[in-house]
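Down below is the structure, laid out as structure tokens.
Chain naming here is simple, since letters A, B, ... match the order of the sequence lines and numbering starts at 1 in each. Computed from a predicted structure; not experimentally measured.
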Number of protein chains: 2
Amino acid sequence: MNMASPRDKIIQAAMELFWLKGYNSTSVADLLSRTQLNSGSLYHVFPSKQDVLIGVLEAYREGIEQMLLEPAWGQVADPIEKIFALLNGYRTMIVESDCTYGCPIGSLALELHEPDPRVRELLAANFANWTAAIERCLDAAGKRIPPDVDKGALAQFVLTAMEGGVMQARTHRDVAYFDRAVTQLRAHFELLEQAAKATA
Amino acid sequence: MNMASPRDKIIQAAMELFWLKGYNSTSVADLLSRTQLNSGSLYHVFPSKQDVLIGVLEAYREGIEQMLLEPAWGQVADPIEKIFALLNGYRTMIVESDCTYGCPIGSLALELHEPDPRVRELLAANFANWTAAIERCLDAAGKRIPPDVDKGALAQFVLTAMEGGVMQARTHRDVAYFDRAVTQLRAHFELLEQAAKATA
DNA sequence: CAGCGTCTTGATTGATCGTTCAAACAAGCG
DNA sequence: CGCTTGTTTGAACGATCAATCAAGACGCTG
């Protein structure tokens, strides 16, 4: 008994294909052959291809806990190590795809040059959710981070480093570029922890 | 007397259009109407649209000094300030485009999911040129940076922060996201300079 | 079973894409 | 002038795209 509704099938296929090939390079025909549906069924559920994208971005937004955070944080308790465990999750994705795919949100964000406002807001919301999760880790780290540090900005900087690192790893087809970005971020956190200790 | 050859006209138009709309969303027809050429003329110079892209990426690679570094570094002598002057140049680009366009190389790098090897190598070469310029600044900074710091990795981290910041500024349509990334990077450099002083 | 609303089928549409090519044109040379 | 070589013209081509819709199948209720 396969309960997967057409809608769910399309969303799942679109998540994979948009990640693999990007939004513009994924044709509606691709979605149809992957889901074994006909065009009429797709257009019965989604008014347009863009609405599929919106569905995908909403699914990412709703699923960040189960799809991203819980898998990465299952074995990790230390709040700062949680941050690097999450980054390591992205590393795994990069390696398993031979450095060809990166962050699905980041790729879409740069691919869509003049996105519909709803799409842009969903991209922004996904980023905001991600950095909010990091900021919770920073708050949990308490006095290990100097109190004068803007934790929101630092959380955003983690995303910055991740996205920039993913981009370069994909361009060079070499994880080492991602690893170096993470190493530099780690060095920054160590300097911050030292500074917090020194003024304690 | 306009000496601009068809080739130069196409490259210049393609630089603008690929930056504005991306590679896939720029049609050959767009290039033709912008350059007032006919399709045959374009295809006489470039075997395919992808060869136009290659020409653009080569132009960026060859022109990094005059187009990017010299304008940003004209008034700046301090090597570390040069780094932030370059970042400020990108900030200007972001603001002037109302946060819609970012780094032309980064956008292309994430837009092209399965690029031709020549294209990928040129994207990588452009990134490598950029970080090499930063690394020269870091070398010039001498003992202000702790000697045990991997200057190549740190130079790459500057690019990482720039690309990640640009991506978020564009997604949120707000330069503040870029500014915060730069601020965090600046904090990192200040911590490094302090560490270098402490062990001097 | 009949009736009705929901969902599915898949051929078809018109637009747009990158690319081609025979023909016309221009410039240099003997 | 005639001949060659290089360049431009622009209509046309086939492929592919997102989207449509009349017709049919399905499922529920009475």
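Electrostatic pairing of B/Arg144 and B/Asp78 counts as a salt bridge here, judged by a charged N lying under 4.0 Å from a carboxylate O. In this structure, B/Glu135 does not pair ionically with B/Lys82, as no charged nitrogen and carboxylate oxygen lie closer than 4.0 Å.
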(Q) ring-ring contact (aromatic ring centres under 6.0 Å, His included), that's the test. Do A/Phe178 and A/Tyr90 meet it? Break it down for me. (A) CA-CA 9 Å; A/Phe178 181 80; A/Tyr90 282 90; 7.5 Å; no
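Atom-to-atom, CZ of B/Phe46 to C1' of C/dT19 comes out at 16 Å; the value is rounded to the nearest Å. Rounding to whole angstrom units, CG of residue A/Leu32 and P of C/dT8 are separated by 13 Å. C/dT19 atom C1' lies 14 Å from atom CG of B/Asn38, rounded to whole Å. Separating the CZ atom of A/Arg7 from the C1' atom of C/dT8 is a distance of 18 Å, rounded to the nearest angstrom.
Regarding contacts with the backbone of D/dT9, a side-chain N or O of B/Ser41 is found under 4.0 angstrom from either OP1 or OP2. Of the side-chain N and O atoms in A/Tyr43, one or more sit less than 4.0 angstrom from OP1 or OP2 of D/dA19. Within the structure, every side-chain polar atom (N or O) of A/Ser27 is placed at least 4.0 Å from both OP1 and OP2 of D/dT16.
Closest to the A/His44 side chain, of the nucleotides C/dA11, D/dA18, C/dC7, is C/dC7.
A cation-pi contact links A/Arg180 to A/Tyr177, judged by a cut-off of 6.0 Å to the six-membered ring centre and 45° from its axis.
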